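Residue numbers begin at 1 in each chain, while the letters A, B, ... track the order of the sequences. Keep in mind it's a predicted model, so treat the numbers as computed, not measured.
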Amino acid sequence: MSFKESVDIAVIGAGPAGLAAAIEAAKAKARVVVFDENLSPGGQLFKQIHKFFGSREHLAGTRGYRIGEMLLKEASEAGVEIRLGTVVYGVFEPLTLGLVNGDKSWACSARAIVVATGAMENTMAFPGWTLPGVMGAGAAQTMVNIHRVLPGRKVLMVGSGNVGLIVTYQLLQAGAEVAAIVEAADKIGGYGVHASKVRRAGVPILLSHTVKEAYGNGQVEGATVVKLDRQWHPIPGTERSFDVDTICVAVGLSPLAELLWMMGVEFTWDGRLGGHVPLHDEDMRTTMEGVYVAGDVTGIEEASSAMEEGRLAGIAAAEHLGYLDPAEALRRKEAVRARLDALRSGPFGQARKEAKLRLVEEFRRKYAGAGEKATVSAAGGAGGATGAAPEASNAAPASKVASPQEPEARGVARTGYPSPEELSASPGVPSMERLKKGKVAVIECVQEIPCNPCEEACPHGAIKVGTPITNLPALDAEKCVGCGLCIPKCPGLAIFTVDLSLPGEEALVELPWEYLPLPEKGQLVQVLNREGIPVGRGRVTAVRKSPKFDKTVVLQVRVPKELAMEVRAISRDGQRPS
Amino acid sequence: MSDFQAEITVIGGGVIGSSVAYHLAKDKRDVLLVERGDIASGTSGACDGYVILQSKSPGIHLQMALESVKIFKNLSSELGYEVDYRNRGGHMVIETQEQLEIMKKISSKQRADGLDVELLGPEETRKREPVLAKHIAGSTYSPMDGQVHPMKLALGFIAGAKRLGARVMLETAVTGIRMKQGRVHEVITDKGTIRTDTVVCAAGVYSPHIGRMVGLDIPIKPRRGQIIVSEPVPRMVNGVMLCARYLAIKYNPEMVAKSDDPGLKIGVGFGLEQTEEGNILISNTREFVGYDSRNTLEGIKYMLKYVLRLAPALRGICAVRSFAGLRPYTPDGLPILGPVPGVPGFIMAAGHEGDGIALSPITGKLIAEYLRFGEASIPLHHFKLERFSKVA
Amino acid sequence: MASSKESVIICRCREVTEQEVLDAIEDGATTITGVKRRTHAGMGLCQGKGCSRLVARLISQKTGKPLKDVLPATVRPPVRPVKLSALAEGDD
C-alpha cells in the first residue's frame with residue numbers, strides 16, 4: 001500500500017470510544033476508517049467479562065465482551081472499515097496520519113480525525129517494583145481473560161478502585177488466590193458492590209496501607225505492606241509481610257495522549273480526570289480544527305461513557321464535514337448527552353461530571369463564540385460534596401491530602417460490605433415481618449451508582465429505581481414474590497432472596513454465583529458471611545442456570561435460620577481447579 | 001540599582017555559552033550565565049555529537065577544529081564530568097565517482113593543514129564499517145574524528161564552571177540590554193537586572209533577537225536538522241560517518257535548488273553515529289523553516305530512504321524517536337566570534353551551524369583569551385560580524 | 001531512607017534511580033525534559049511512557065511546582081518503535 005490515501009474521518013483506536021465514533025459518523029454516510037495497532041478490535045472491552053452498569057440504553061447488565069461484539073457488528077453494518085495491526089506513528093500537518101503496518105508505511109490524509117487512544121496504567125515505584133511478578137492490574141486482566149493464563153498463584157492487589165476490585169474478582173474466578181487488597185486512602189475507591197464481591201470471597205481490604213517493598217530472588221516472593229498515617233507517611237512498626245508471587249498495581253490510569261501532544265492541541269489539567277487532558281467542547285472538539293477526542297484519552301472514566309463520548313465525536317465530526325445538518329446533529333447529540341449525563345451522576349460520577357463541565361467551560365471561555373453554553377452536565381441539584389474518584393491512587397500523595405471537610409467514610413466504603421445500619425436504611429431490604437412471610441428479594445445496593453437493570457428484571461414491577469438512575473433500588477416487598485429473576489441481572493451481584501417462612505430451623509438463601517466448577521445440588525458446603533468468614537454449614541438445594549442469566553448462576557442454599565441474613569456466599573475450598 | 005552583578009554575563013546555556021562560562025571561570029573571571037530555559041534545552045539538546053574534522057573547510061575552520069580536539073582529549077577529567085568524548089575515527093562516505101574527485105581535492109588540502117586523513121577504497125571502508133552498502137565508491141577516513149555526548153558536554157561545562165565559581169540562572173529570559181555612556185551597562189531579564197560590563201551573546205539561533213537589543217543586525221538564521229534515534233543495539237557503527245554529498249550541500253546550498261530529488265530539497269544528508277548506550281543516531285536534514293522544530297513525514301522518510309541506501313544493514317532495526325534542532329546558520333558557514341563595532345562590551349559567540357558541538361571547547365577558550373588579553377590565539381578577525389555587512 | 005532512593009528504579013529502560021532523578025532536580029531540572037537530559041530517564045525503548053508520571057511527581061514534590069505545570073516531554077514520531085525500513089518505504 002505505497003500510496004497516500006485519503007478518508008473523510010480517520011479514527012485512531014478501535015476501542016469502545018473509537019468504534020462508537022466511527023459508527024455514528026458512518027451512519028451519517030461519511031467514509032470512516034478506524035486504525036488500531038492491536039490485532040483485534042475492541043480495545044479493553046474484550047477483557048471485561050463482567051456485566052456493565054448503567055441502564056438499558058447503556059447496555060447495562062451486558063458483559064463487556066458482548067458489548068464489544070455488538071459494537072463490531074454495528075460498525076460493520078454501518079460500513080466502517082477497521083484496519084488492525086496499523087500503528088499511527090505520528091500525526092503531521094495538515095491532518096495527515098503517518099501509518100505503519102508491518103514493513104509498510106504510508107500516509108493517510110483525513111478531513112477530520114477522532115483520537116480515541118485510551119489510557120495506560122499508572123506505575124508506582126517502590127523497592128522491588130521492577131521484579132518479575134509486579135504488573136499492572138490491567139495486564140493481569142489481559143492475561144487471565146484474553147490469554148487464559150494465570151499471572152501467579154497468589155496475588156497482592158494494590159489499589160481499591162474499580163479496576164483493582166474487578167480484577168481481584170476475576171483473578172479469583174480464574175483460580176488465583178488474592179491475599180489482600182491494599183489501599184492508601186482511608187476508604188475504598190471503587191463501587192461498594194464490587195468490593196462486596198471480593199470481601200465475601202474472603203479477600204481483606206487494608207485501608208491506609210501501601211506497599212513498602214517487594215522482595216524475592218529474581219522474582220516476587222513476597223511483599224511488605226505498611227500502614228500510613230493521615231499525612232500518608234508510613235508508620236514504623238506496622239509492617240506486615242505477604243507471601244505472594246504476584247503484585248498487581250491498580251493505582252489509576254493516565255490518558256494516552258501522545259498523538260494529541262504531537263499535534264499541538266491545547267491541554268488542561270484535572271486530577272479527577274487523570275492528569276493532563278485535551279481541552280474539548282461539549283461536542284468533543286479540540287482546539288484544533290477537525291480534531292475530535294473521545295474516551296479515556298479525554299479523562300479517565302469507564303467504557304460506557306467512552307462509547308457515549310465516541311458517539312458525540314462521531315456525530316460532531318460528520319456534522320463538521322457536512323454529512324449531517326445542524327438540526328439533525330443537535331437532536332442526535334442531545335440524546336447522547338442525556339445518556340452521558342446519567343452515567344456521570346451520583347457520588348461516584350459527580351466528580352467526573354464537574355471536571356468535564358469545568359473543562360468544557362474553559363474551552364468555551366477561551367474559544368467558543370458568545371451564546372454557546374456548556375451542556376455537558378444537567379445543572380441539577382448535586383453541587384455539593386465531591387465523590388470519591390473511581391481510581392484511588394496508591395502512589396505518594398502530592399495531590400492527595402485528605403480534605404478536612406470530607407466526612408470519614410463508614411460502612412461499605414470502609415469495610416467493603418454494607419453495615420447493618422446501611423442495610424436497614426436501604427429501600428431494597430424488606431422488613432423482618434415480610435421476610436418471615438415468605439421468599440423475598442434482598443437488595444444490598446446502598447450506594448448511589450448509575451445502574452438500573454434490576455428495575456426491568458422484575459416481572460412484577462416490585463423494584464423501582466426511576467430517575468435519576470442513581471436512585472437506590474426500592475423494593476416493593478408486597479409485590480415481590482421472590483422469583484429471584486433479579487439476582488442474575490444485577491451487575492453488582494448485590495441481590496439475594498431469603499425465605500424465612502419454612503417450618504423448622506432452616507431458611508433458604510439464593511445468591512448469585514460466578515465461580516467454576518459449580519457445586520452440585522445436594523452438596524454440603526461451608527457458608528460464608530459478607531466478610532467471607534465461614535459461619536456454618538449449608539446444603540445446596542438448587543443450582544439455577546439459564547441462557548437469560550448470561551453465565552451468572554443462582555445457587556439456593558439451605559442454612560440455619562439465624563444465618564439467613566448473614567450468609568452471602570459459599571466456600572470455594574475444594575472447588576478451585578487444581 | 002541592579003538586582004544582580006557580574007563582570008561578564010553570558011547569554012545562552014547551550015554548549016557555546018556553557019564553554020564560554022567555563023573558560024571564563026577557569027580564568028577566575030566573575031561570570032554569570034543566563035539561560036531562558038534549561039542547559040542544552042535548545043539546539044545543543046537536539047543535535048548529533050559529531051566531532052568531525054573532515055567536515056571542516058580547510059583553513060581557519062579546520063584549524064579551530066584541530067585545536068578543539070586537543071581540548072576534548074582531556075575534557076572529561078578536566079571538568080570532572082564524563083562527557084563521553086570518544087575518538088573513534090570517522091568516514092566521509094563517497095557514493096559516486098564525482099564525489100570521489102571532490103573528496104580527493106578536499107582531503108589533500110586538509111592534509112596540508114595538518115589533518116590525518118586518507119582515502120580508502122570500498123572494500124577497506126566496508127571492512128571498517130560493515131553497515132555500508134556494496135555500491136559505495138569508498139571513503140575518506142580520519143583517525144582524529146570522534147564524537148561526544150552534546151547534552152553531557154553542556155552539562156559538563158556548567159558543572160566545571162560552577163565549581164570554579166560561575167553562577168547560572170536558569171529559566172531566565174533576557175528582555176533587554178541597557179547601554180550607558182556608549183557601552184554595555186546592564187542586562188534586563190524577567191528575573192531582575194544584571195549590572196555587567198560585558199555581555200557574551202551565545203544565544204545561537206536566537207542571537208538576532210539579542211542583537212536587536214543593541215541595534216545589531218546579526219545574519220544568523222535557524223536551519224532545521226531532523227534526526228532519527230534507533231533502539232539500542234550492539235555495536236553496528238564503529239566510528240562517525242557523514243556522506244560526501246552532505247559536505248557538498250553544506251558548502252553549495254544552490255545544489256539543492258537545482259536538484260529535483262525531493263530528499264535533496266530538504267537537504268537530506270547521511271550521518272551515523274552510535275552512542276555509548278547503543279542508540280544509532282541517523283541524521284540529517286537542512287531546512288529553512290523559521291523556528292519550526294517539528295519533525296515531518298517527508299524529513300523522516302527521505303532521510304531514511306537515503307540512509308538505508310548507503311547503510312542497508314540498518315533496515316531491520318527500529319526507530320524509537322525522532323527529533324529536530326535549529327542550527328544557527330550563517331551565510332559563509334563560519335561562526336561569528338568576538339567584539340562588534342559600535343557596541344563596546346558586546347561580544348559574539350554564535351553561528352556555528354552544525355559545528356557548534358565540535359567547536360565549543362575552542363570557542364570558549366578563544367573568547368576567554370580575548371576578554372583577558374584583547375586578542376586570541378586564533379585571530380578572531382576571521383569571524384567578525386562586519387564581514388557580512390561588507391558583502392551587503 | 002537514602003538507600004531506598006538509590007535502589008528504587010524510576011526509569012526501567014535506562015535503569016535510572018530515584019536518587020539520580022532527585023539529583024537532577026537539585027541540579028536545576030524543573031521539567032521532565034530537564035530530568036531526561038541529565039539522567040536519560042525516558043530515553044529508552046518506551047520513551048518515558050512508564051516513568052514520566054513518576055518523574056513528574058518527584059519534580060512536583062521536590063520543587064513545589066504543581067503537577068499541572070509539569071508538562072510531558074516533547075512527543076515526537078514514532079510513538080511506537082517502528083522498523084527503519086518500514087518508515088522509508090512507500091508514498092512516492
Side-chain angles (χ1 to χ4, degrees), chain A residues 1-5 12 37 87-92 96-108 117 120-131 136 212-213 234 251-254 256-264 267-271 274-276 393 395-399, chain C residues 1 3-19 21-22 32-33 41 46-92:
Chain A
M1 208 180 297
S2 61
F3 60 98
K4 183 158 175 166
E5 63 173 333
I12 308 175
E37 63 184 323
V87 173
V88 180
Y89 71 84
V91 182
F92 305 88
T96 303
L97 312 186
L99 298 163
V100 176
N101 185 329
D103 283 332
K104 295 280 173 226
S105 74
W106 73 101
C108 173
T117 43
M120 64 177 288
E121 299 194 86
N122 291 338
T123 48
M124 183 184 163
F126 48 82
W129 78 284
T130 53
L131 279 172
K212 189 181 173 195
E213 72 173 323
V251 294
L253 302 166
S254 296
L256 199 50
E258 291 161 304
L259 291 171
L260 291 160
W261 285 105
M262 193 187 295
M263 283 185 237
F267 276 71
T268 185
W269 166 274
D270 203 310
H276 286 108
S393 169
S399 58
Chain C
M1 296 267 284
S3 63
S4 119
K5 289 190 169 112
E6 276 156 27
S7 69
V8 174
I9 300 275
I10 296 293
C11 167
R12 300 180 77 142
C13 300
R14 284 290 173 92
E15 299 193 340
V16 180
T17 66
E18 181 173 353
Q19 191 57 52
V21 173
L22 293 173
I32 290 177
T33 305
C46 87
Q47 288 290 305
K49 288 181 186 69
C51 64
S52 288
R53 227 182 140 94
L54 299 173
V55 170
R57 204 173 273 278
L58 290 172
I59 291 171
S60 178
Q61 281 170 359
K62 189 108 200 261
T63 66
K65 190 170 171 174
L67 272 173
K68 72 176 170 64
D69 296 330
V70 186
L71 299 180
T74 313
V75 178
R76 299 277 190 172
V79 298
R80 293 285 183 279
V82 176
K83 260 194 211 164
L84 295 177
S85 58
L87 286 175
E89 310 263 297
D91 218 25
D92 274 324

Could you check whether any side-chain heavy atom of [X] comes within less than 4.5 Å of a side-chain heavy atom of [Y], counting everything from C-beta outward?
X	Y	value
C:Ser60	C:Lys65	no
A:Thr96	A:Val91	no
C:Lys49	A:Glu258	yes
C:Pro77	A:Met262	yes
C:Ile32	C:Leu71	no

Taking A:Trp269 for the side chain and A:Gly274 for the main chain, is one N or O donor matched with an acceptor at less than 3.5 Å? no
Identify which of [options] forms the greatest number of heavy-atom pairs closer than 4.5 Å to chain C.
options	value
A:Tyr89, A:Phe267, A:Trp261	A:Tyr89
A:Gly275, A:Ala257, A:Ser254, A:Gly90	A:Ser254
A:Gly98, A:Gly271, A:Gly102, A:Pro127	A:Pro127
A:Leu99, A:Val88, A:Asn122, A:Val87	A:Asn122

Most chain A-contacting option - heavy-atom pairs closer than 4.5 Å, from C:Pro72, C:Cys51, C:Gly50, C:Pro81: C:Pro72
For chain A, find which of C:Lys68, C:Glu18, C:Arg76, C:Gln47 contributes the most heavy-atom pairs closer than 4.5 angstrom.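 Going by pairs under 4.5 Å, I would pick C:Lys68.
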Given a strict heavy-atom distance threshold of 4.5 Å, which part of [X] is in contact with chain C: side chain, backbone, both, or neither?
X	answer
A:Phe92	side chain
A:Glu121	neither
A:Met120	side chain

Between A:Thr130 and C:Arg12, is there a side-chain donor-acceptor contact under 3.5 Å, judged purely by atom types and distance? no
